[in-house]
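Just below is one structure, and these are the notes that go with it.
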There are 4 protein chains.
Amino acid sequence: MGAVKTKRMPRAVREQQMLDAAVRTFGQRGYTAASMDDIAELAGVSKPLVYLYLNSKDDLFATCVRREATALVAAVRAGVRTGPPADRQLWDGLLAFFTHTAEHPDGWSVLHLHARTHGEVFAAEVTAMRAEIVAFVTHLIGDAARAAHHDPDLPDHDVAGLAEALVGAAESLATWANATPGVTARQAAATLMNFAWAGLGDLMAGRAWSPPPV
Amino acid sequence: MGAVKTKRMPRAVREQQMLDAAVRTFGQRGYTAASMDDIAELAGVSKPLVYLYLNSKDDLFATCVRREATALVAAVRAGVRTGPPADRQLWDGLLAFFTHTAEHPDGWSVLHLHARTHGEVFAAEVTAMRAEIVAFVTHLIGDAARAAHHDPDLPDHDVAGLAEALVGAAESLATWANATPGVTARQAAATLMNFAWAGLGDLMAGRAWSPPPV
Amino acid sequence: MGAVKTKRMPRAVREQQMLDAAVRTFGQRGYTAASMDDIAELAGVSKPLVYLYLNSKDDLFATCVRREATALVAAVRAGVRTGPPADRQLWDGLLAFFTHTAEHPDGWSVLHLHARTHGEVFAAEVTAMRAEIVAFVTHLIGDAARAAHHDPDLPDHDVAGLAEALVGAAESLATWANATPGVTARQAAATLMNFAWAGLGDLMAGRAWSPPPV
Amino acid sequence: MGAVKTKRMPRAVREQQMLDAAVRTFGQRGYTAASMDDIAELAGVSKPLVYLYLNSKDDLFATCVRREATALVAAVRAGVRTGPPADRQLWDGLLAFFTHTAEHPDGWSVLHLHARTHGEVFAAEVTAMRAEIVAFVTHLIGDAARAAHHDPDLPDHDVAGLAEALVGAAESLATWANATPGVTARQAAATLMNFAWAGLGDLMAGRAWSPPPV
DNA sequence: AATGAATGAGAGTTCATTCAT
DNA sequence: TATGAATGAACTCTCATTCAT
């Protein structure tokens, strides 16, 4: 399973191999259960080399978290275009989000499951990333309210809570979708969009939100 | 920091002291970072006694998880009365949930953060508890739909997703509320209720859901 | 399996129960693998009581060894009558020996297997018992030689070796007989008597030693 | 006491050093009383290295037992040449046996004393080695009987007992010889040969067996 | 006479980390 | 650039032993 043992590779390449191995191992076993031996072996490299390049287990983990967080935020950013109405933007963002987490389950696991349970430092890293996304969503909600020509009496504090709820729901759904065979990113996004945009009340009344055509 | 060293207590009492200390330690540090020494010291007891009563670190953790899960489910159950309309039932459930998680932040941390990241066995334990809550919510949505005289065309699969999203949002909000000073259980419940029941669409249109008077 | 829990017994009786339990446990598990918990439970008594009566694990073991050694030597002594010719005396002694070891396998195990592997002190205890038996055998060989009107040119040192060999063979055969189903004490004694008295040379030549009628 | 701390040795060498230290420690203290710390220190190495190379205390002990058993059997095998008459073969085997046990007292102690008292697995290992020797002796007795043109009426069962007695006597004598200063391997072998081949009866009658000239 | 409650001390084992080459 | 050899420190767990009643 480990990478093919090719000797004398340029540093950048080796480093990526190690990070890949680390994300996979951390994602599947968690921070403490993942041993440096495991990671080095999966990377097809000796342990001292891992230390030479990545310094320490903590640093290695931090680098993984940073890499995965950056990639996730970038993916969401790339999925959204300003211009279309708010619900469309939200839909695009969610679709990008679920698509990325589905394609990088170990990275998602590292971010959502393990980074938060292992020490302030890593939790902070994740919180920072999360904040970016929450800000984006908050911004979206604000735009939507303005666009509705409705001067919202929603205090900022409430909006923060709403964004938090939305993001939280998305996170849970991502984990659930990854663990439930047969659930696609589109389905996850549609479910959440219905839930969040139309709301249970509307759904009960037969009014659902419809995803745009592919 | 440790409990006052009171000697010679009956077994049942000591056992609860140990469990309290364990939940606190596990909740704040996670399974692996929490050492049996830490727990014993916080319980004001020697390590061998912990082993004598609770068997092993795994067993101790399992007992904690079980205890907290049972307590949480019981709290939610106790908060809800059948009879009132679905939105009221949902509100009551959420309020009970957020109240309990706010009062037992370490227990919530154990359940939501640590039990899910440490081994299939514990994850299963939590999944079982979660399943009870999800079932309750699913049931609620079904009732609401029927009460609305609306034969819902929502397939079961979608309902599962909705319940998952709702519970996921609640879980995230609970963690967020615990970490954000000044957010009360009522506020968290109201935010989620608005988000989930009315939906962002309605909120944008100025139609919010109102919590019942205290 | 443990003794019936009868409360408030006279000390002497309780002590024997404990020693029985200890011999059984030590015999089957060895000194270190036998825990004081095991012994106390098998004796149907609380651990502090064992300490109250027998002092410590070492003392308990020593007492077991002493008791079993005394019993074994007594059994052999009781089996032999002076007067009959040497081969008959030897036969009687061996028969008594194998009979006793067969009836007290755990005691034999304690003496032969475990006491010798656990510290000088216990080994010494066993060596003392052994010395008695070896002396008896040495004496027997001397008598026999004199009775044969043959002034033996066997130096004392050789006689010691012969007695050692005989006793060693007997010990091995006892363990072997206990472990081999279907081998009786009489058979073991006959085998050894043939081997030791007639010798392989005579046996090859068709000259065997015959046990006396029952 | 410990070996001189020579750093950075190839694995194979270090491994032998560890095994030497282990045999010595196990032989003198027994399985449980020998701690991994003791062994590591005697080997001039840190404990983790012992684990890295030999896996666990059980594995280490098993390796010791296997090594010593193999060496002992090999020594006996190498001492015997087929061709000469049975008594000569037996003499050669015994001499080789006593020579080896005298030169490796700790190894002998591990095999005879400790391996048999510590768990089925190790006992089995020793039993297997013993079986080889017993088979060799049984074979020898059979050959001798045939060579004597004497169709022996010794049933197989009796032969097994005889071989057992002979081997048992040899084992006891080996331990005795190691513990008794001044007893050489030759003397031990001669004593046993006299005892076993001529028999006490013949010895009493002044007929002894004579060892071949050196 | 007897025991439930409690512990000091030490064992085996693992792991992140570093030399020396 | 890369690694085989090696370890300090910590952790889980067990056990003989005692105290207070």
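Just so it is clear: chains get the letters A, B, ... in the order the sequence lines come, proteins before strands, and each one is counted from 1. Being a predicted model, the structure only gives us computed values, none of them experimental. Every heavy atom of this structure was used, including side-chain atoms; hydrogens, water molecules and symmetry mates were not.
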Rounding to a whole Å, what distance do you find between [X]:[atom1] and [N]:[atom2]?
X     : N      : atom1 : atom2 : answer
B:K57 : F:dT12 : NZ    : P     : 4 Å
D:M9  : E:dT21 : CE    : C1'   : 16 Å
A:D37 : E:dT18 : CG    : P     : 15 Å
D:L52 : E:dG12 : CG    : C1'   : 16 Å
A:L49 : E:dT21 : CG    : C1'   : 15 Å
D:K47 : E:dA16 : NZ    : P     : 18 Å
D:M36 : F:dC13 : CE    : P     : 19 Å
B:Y53 : F:dC13 : OH    : P     : 18 Å

- Item | Identified pairing partner of F:dT21, criterion: Watson-Crick or G-U wobble below 3.5 Å | E:dA2

- Message: Going by purine N1 to pyrimidine N3 plus the second Watson-Crick contact, or the G-U wobble pair, all under 3.5 Å, which nucleotide sits opposite F:dA16?
- Response: E:dT7

- Query: Quick one: do A:D20 and A:R67 make a salt bridge, cutoff under 4.0 Å?
  - Reply: yes

- Message: Quick test of your reading of the model: are D:R66 and D:D59 salt-bridged, counting only N-O distances below 4.0 Å?
- Response: no

Quick check on [N]: is either OP1 or OP2 less than 4.0 Å from any side-chain nitrogen or oxygen of [X]?
X     : N      : value
A:R11 : F:dA2  : no
D:R8  : E:dT21 : no
C:Y51 : E:dA2  : no

- Message: Is the terminal nitrogen or CZ of C:K57 (NZ for Lys, CZ for Arg) located under 6.0 angstrom from the six-membered ring centre of C:F26 and within 45° of that ring's axis?
- Response: no

- Task: For the side chain of A:S35, starting at C-beta, report the closest nucleotide among E:dA16, F:dT14, F:dT7.
- Result: E:dA16

- Task: With the side chain of B:R14 defined as its heavy atoms from C-beta on, choose the nearest nucleotide among F:dA2, E:dA6, F:dT17.
- Result: E:dA6

- Message: Using a heavy-atom cut-off of 4.0 Å across all strands, would you classify D:T32 as base, sugar-phosphate, or nothing?
- Response: nothing

- Pick base, sugar-phosphate or nothing for B:A34, based on heavy-atom distances below 4.0 Å to the nucleic acid. sugar-phosphate

- Aromatic rings C:Y31 and C:F61: how do their planes relate, parallel, tilted or perpendicular, breaks at 30° and 60°? perpendicular

- Message: I want to confirm an ordering. Mapping D:S56 and A:Y31 to their closest nucleotides on DNA chain E, which one lands closer to the 5' end?
- Response: D:S56

- Side chain proximity check, A:D106 to A:V23, heavy atoms < 4.5 angstrom: yes

